[in-house]
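All remarks here apply to the structure that follows.
Every chain is numbered from 1 and lettered A, B, ... according to where its sequence line falls, protein lines coming before strand lines.
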Number of protein chains: 2
Amino acid sequence: MNYEEAKIKFVSTWGSLGSLWGINKAMAQIQALLFISIKPLSMEDIMAELQISRGNTSMNLRQLMDWGIVTKELIPGERKEYFTTEKDVQELTRIIAKERSRREIQPVIKVLNELSSIKDDGTDKTKELIKQTKALHDLTLNADTMINKLVNQKQNWITKSLIKLIK
Amino acid sequence: MNYEEAKIKFVSTWGSLGSLWGINKAMAQIQALLFISIKPLSMEDIMAELQISRGNTSMNLRQLMDWGIVTKELIPGERKEYFTTEKDVQELTRIIAKERSRREIQPVIKVLNELSSIKDDGTDKTKELIKQTKALHDLTLNADTMINKLVNQKQNWITKSLIKLIK
DNA sequence: ATAAACTTTCAATAATTATTGAAAGTTTAA
DNA sequence: TTAAACTTTCAATAATTATTGAAAGTTTAT
């Protein structure tokens, strides 16, 4: 397999994977492209490589910046904006985990909290709803705590401990 | 908040959450409904509660059974089929983690392996692609190992150790 | 102040994904 | 074996989500 083939495969795989876990295809492909690029890319570069429109590129770059995965790079003397992505997979994992906690886990915790105000009327079905809501609440809180600890631990000692623990 | 309100909120929240991580809305809602039900439900029950068609209900129940989250329950004397879901959140987590590893992580590992056959032509861009592919490969393997260890450990000592470790 | 170089926005459209409902299929009881 | 009770399948349709492209917006150089 030569470079071009491998690049296309890498980018498209990352793209379809991304859409699987809630990031759209173009967004994931842009990130993939930047991830294996040895220099910052301009909007033109990205449009040309991925064969997508200017609007699409602009919007998805913005989203990637919102996630904190991609940053603008200003090259002196150049008018165009250039973009790079976080290159360290560990750091990338941390950023993604943090954002997903914020965007997905937090809202669930919020709703589960709201549900705790259900009035216990003594019926079995209400008891079951309360019980299961509570079980889910505990689980979600634990998961979130784990993610946050991981995320706030730059040195990543947890991962190391984990791997040792697990092997 | 009374029982009906809470039930609706629980089911619809679970539904939208589900769609966020790659399970469709109806599928997630059916699971949610079963999760808080004190007795097995028939297709009719589910259709009525969620206001969805017979076809939709049938297909999504099948998917839930494929995932191993929902099981058929035959009630003696009854012609209809009844359904229940795994009620223990820990066990539910294990099943979901396992399936997601199989469906999502394994295919990525496969592609990353294929990419390892790229020919190193000595250029910087090829070196970068190789390096980043390898980094991702290692990360993915580690993540998958963690998930599998978790999953094969019914007693769930890992979670307990983790929580201790993390606190 | 003007124009060139560039980016963003957003209504229209395309692509994808979910849902319906009725016909076909299956199982059970008599 | 027949018919009633039930489930599955799948082509048609609806709903959602992504993408385009051109107009509007912004920045920089002169």
Side-chain angles (χ1 to χ4, degrees), chain A residues 11-34 40-67 70-85 103-104, chain B residues 11-34 40-67 70-85 103-104:
Chain A
V11 169
S12 75
T13 305
W14 201 241
S16 49
L17 202 230
S19 68
L20 239 155
W21 54 281
I23 273 182
N24 85 31
K25 201 179 68 174
M27 190 172 154
Q29 288 190 344
I30 293 171
Q31 202 277 326
L33 194 61
L34 293 173
L41 300 180
S42 69
M43 239 171 69
E44 300 287 339
D45 295 335
I46 295 167
M47 287 167 62
E49 284 275 6
L50 301 180
Q51 302 279 20
I52 59 178
S53 73
R54 188 174 295 284
N56 199 2
T57 308
S58 171
M59 284 172 126
N60 284 107
L61 276 171
R62 147 101 83 135
Q63 276 213 76
L64 284 164
M65 288 188 282
D66 286 350
W67 271 71
V70 161
T71 45
K72 262 186 200 161
E73 189 114 331
L74 290 176
I75 295 187
E78 287 269 16
R79 189 77 165 269
K80 283 198 200 102
E81 294 176 333
Y82 285 79
F83 302 89
T84 45
T85 190
R103 293 172 194 231
E104 296 166 35
Chain B
V11 169
S12 75
T13 304
W14 200 240
S16 49
L17 201 230
S19 68
L20 238 155
W21 55 280
I23 274 181
N24 86 31
K25 202 179 67 175
M27 190 173 156
Q29 288 190 344
I30 293 172
Q31 201 277 325
L33 194 60
L34 293 172
L41 299 181
S42 69
M43 238 170 67
E44 299 287 339
D45 296 334
I46 295 168
M47 286 165 63
E49 284 274 9
L50 302 180
Q51 302 279 20
I52 59 177
S53 72
R54 188 174 296 284
N56 200 1
T57 309
S58 170
M59 284 173 126
N60 284 109
L61 275 171
R62 144 101 83 136
Q63 275 213 76
L64 283 164
M65 287 187 283
D66 286 350
W67 272 70
V70 162
T71 46
K72 261 186 200 159
E73 189 114 332
L74 291 177
I75 295 186
E78 287 269 17
R79 189 76 166 271
K80 282 198 200 106
E81 293 176 332
Y82 284 79
F83 302 89
T84 45
T85 189
R103 294 171 194 233
E104 297 165 34

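A:S53 meets the side chain to side chain contact (heavy atoms under 4.5 Å, CB included) test with A:N56; sequence neighbours excluded. Remark: A:E44 pairs with A:R54 by the salt bridge (Lys or Arg N to Asp or Glu O under 4.0 Å) rule, at least two apart or across chains. Residues satisfying the salt bridge (Lys or Arg N to Asp or Glu O under 4.0 Å) criterion with B:K80, sequence neighbours excluded, are absent altogether.
Going from atom CH2 of B:W67 over to atom CE of B:M27 covers 6.0 Å, rounded to the nearest 0.5 Å.
Contacts of A:R54 with the nucleic acid, taken as non-hydrogen atoms under 4.0 Å apart, include base atoms. Using a 4.0 Å heavy-atom criterion, one finds that A:N24 contacts the sugar-phosphate atoms exclusively.
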Legend entry - Pairing pattern in dot-bracket form [Watson-Crick, G-U; both distances under 3.5 Å; | = partner strand] for DNA chain C: ||||||||||||||||||||||||||||||
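Nearest heavy-atom pair, A:M65 versus A:V70, reported as atom, atom and distance to 0.1 Å: CG-O, 3.3 Å. Looking at every heavy atom in both residues, B:N24 comes nearest to B:A26 through OD1-N, 3.1 Å.
In this structure the side chain of B:S58 never reaches within 4.5 angstrom of the side chain of B:L61, judged on heavy atoms. Contact check for A:F83 versus A:I30: no side-chain heavy atoms found under the 4.5 Å cut-off. A heavy-atom distance below 4.5 Å is not found between the side chains of B:T85 and B:L64.
For DNA chain D, no neighbouring residue in residues 26-34 of chain B is found when judged by any heavy atom under 4.0 Å.
A distance-only check finds no donor-acceptor pair linking the side chain of B:D66 to the backbone of B:Q63 [under 3.5 Å].
The residue among A:R79 and B:M59 whose nearest nucleotide of DNA chain C lies closer to the 5′ end is A:R79. Remark on DNA chain D: of its neighbouring residues A:N60 and B:M43, the 5'-side contact belongs to B:M43, judged by nearest-heavy-atom nucleotide.
Interface limits on DNA chain D: the 5'-most and 3'-most nucleotides within less than 4.0 Å of chain B heavy atoms are D:dA4 to D:dC10.
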